[in-house]
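Throughout, protein chains are lettered first and strands after them, A, B, ... in sequence-line order, and every chain is numbered starting at 1. Please read these numbers as outputs of a predicted model, since none were measured by experiment.
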Amino acid sequence: DTAVSQTPKYLVTQMGNDKSIKCEQNLGHDTMYWYKQDSKKFLKIMFSYNNKELIINETVPNRFSPKSPDKAHLNLHINSLELGDSAVYFCASSQGLYLSGYTFGSGTRLTVV
Amino acid sequence: EDKVVQSPLSLVVHEGDTVTLNCSYEVTNFRSLLWYKQEKKAPTFLFMLTSSGIEKKSGRLSSILDKKELFSILNITATQTGDSAVYLCANSGAGSYQLTFGKGTKLSVIP
């Protein structure tokens, strides 16, 4: 039983394409996140949703659009992909402010060619 | 802006050595500091520290927080090759829904 699952695990696509990454958690958590990890392993917050509402929207290009249809899902859609978007994208979840329960998905490695 | 700085950025040791990884931070209204271990995939949770001077221990790993000096250390004794990973430090401020991560320390343990 995977707690936070992301699909796909790997994504190779050409510049200019539009792609989506899906995330689902079965932990009953009310807060979900998208983090981007670059080639130097630096994890940086992109978005956070609490009870389906956007609460953190860091400075990312507006080509990135998160969508949370319900508390258990947070998807990430990326338009007009660029080479610099290549990274590993991690979904995570937590129960509100109790961040010790911060659980990561296994990541989606996006490669833009 | 909240900031987390880890040192060293990378470290190579032999099996059996003891290592100390450092994490200093700046955060508004500190609430917690967390350590994660990242091997090939997702970061896995190691410790959460909220109180100064209280050591958290799990097997050969231990961590302590100094809230006055704004730093934490992660100790690993009798290192094994399976300890090779990137160790991430992160903190959160009161009322914050996010963790701010440091850049990590890449530990390589050689036989």
Counting only non-hydrogen atoms closer than 4.5 Å, does Leu88(B) touch chain A with its backbone (N, CA, C, O), its side chain (CB onward), both, or neither?
side chain

Quick one: are the ring centres of Phe30(B) and Tyr25(B) less than 6.0 Å apart?
yes

Does any heavy atom of chain B fall under 4.5 Å from the side chain of Gln37(A), the backbone, both, or neither of them?
side chain

Between CG of Leu99(B) and OH of Tyr35(A), what distance do you get to the nearest 0.5 Å?
4.5 Å

Should Asp38(A) and Lys44(A) count as an ion pair when the cut-off is N to O under 4.0 Å?
no

Taking 4.5 Å as the heavy-atom cut-off, does anything in residues 63-71 of chain B contact chain A, and if so which residues?
none

Only counting residues at least two apart or in another chain, list the ones meeting salt bridge (charged side-chain N to carboxylate O under 4.0 Å, His left out) with Glu55(B).
none

Can you run down the disulfide (SG to SG under 2.5 Å) pairs that involve residues 19-57 of chain B, sequence neighbours left out, and say none if there aren't any?
Cys23(B)-Cys89(B)

Hey, what's the ring geometry for Phe104(A) with Tyr36(B), parallel, tilted or perpendicular (30° and 60° as the breaks)?
perpendicular

Tell me, which pairs form a side-chain hydrogen bond (donor to acceptor under 3.5 Å, both in side chains) where one or both residues lie in residues 12-22 of chain B, sequence neighbours left out?
Thr20(B)-Asn75(B)

Which residue out of Ser106(A), Gly107(A), Ala92(A) racks up the most heavy-atom pairs below 4.5 Å with chain B?
Ser106(A)

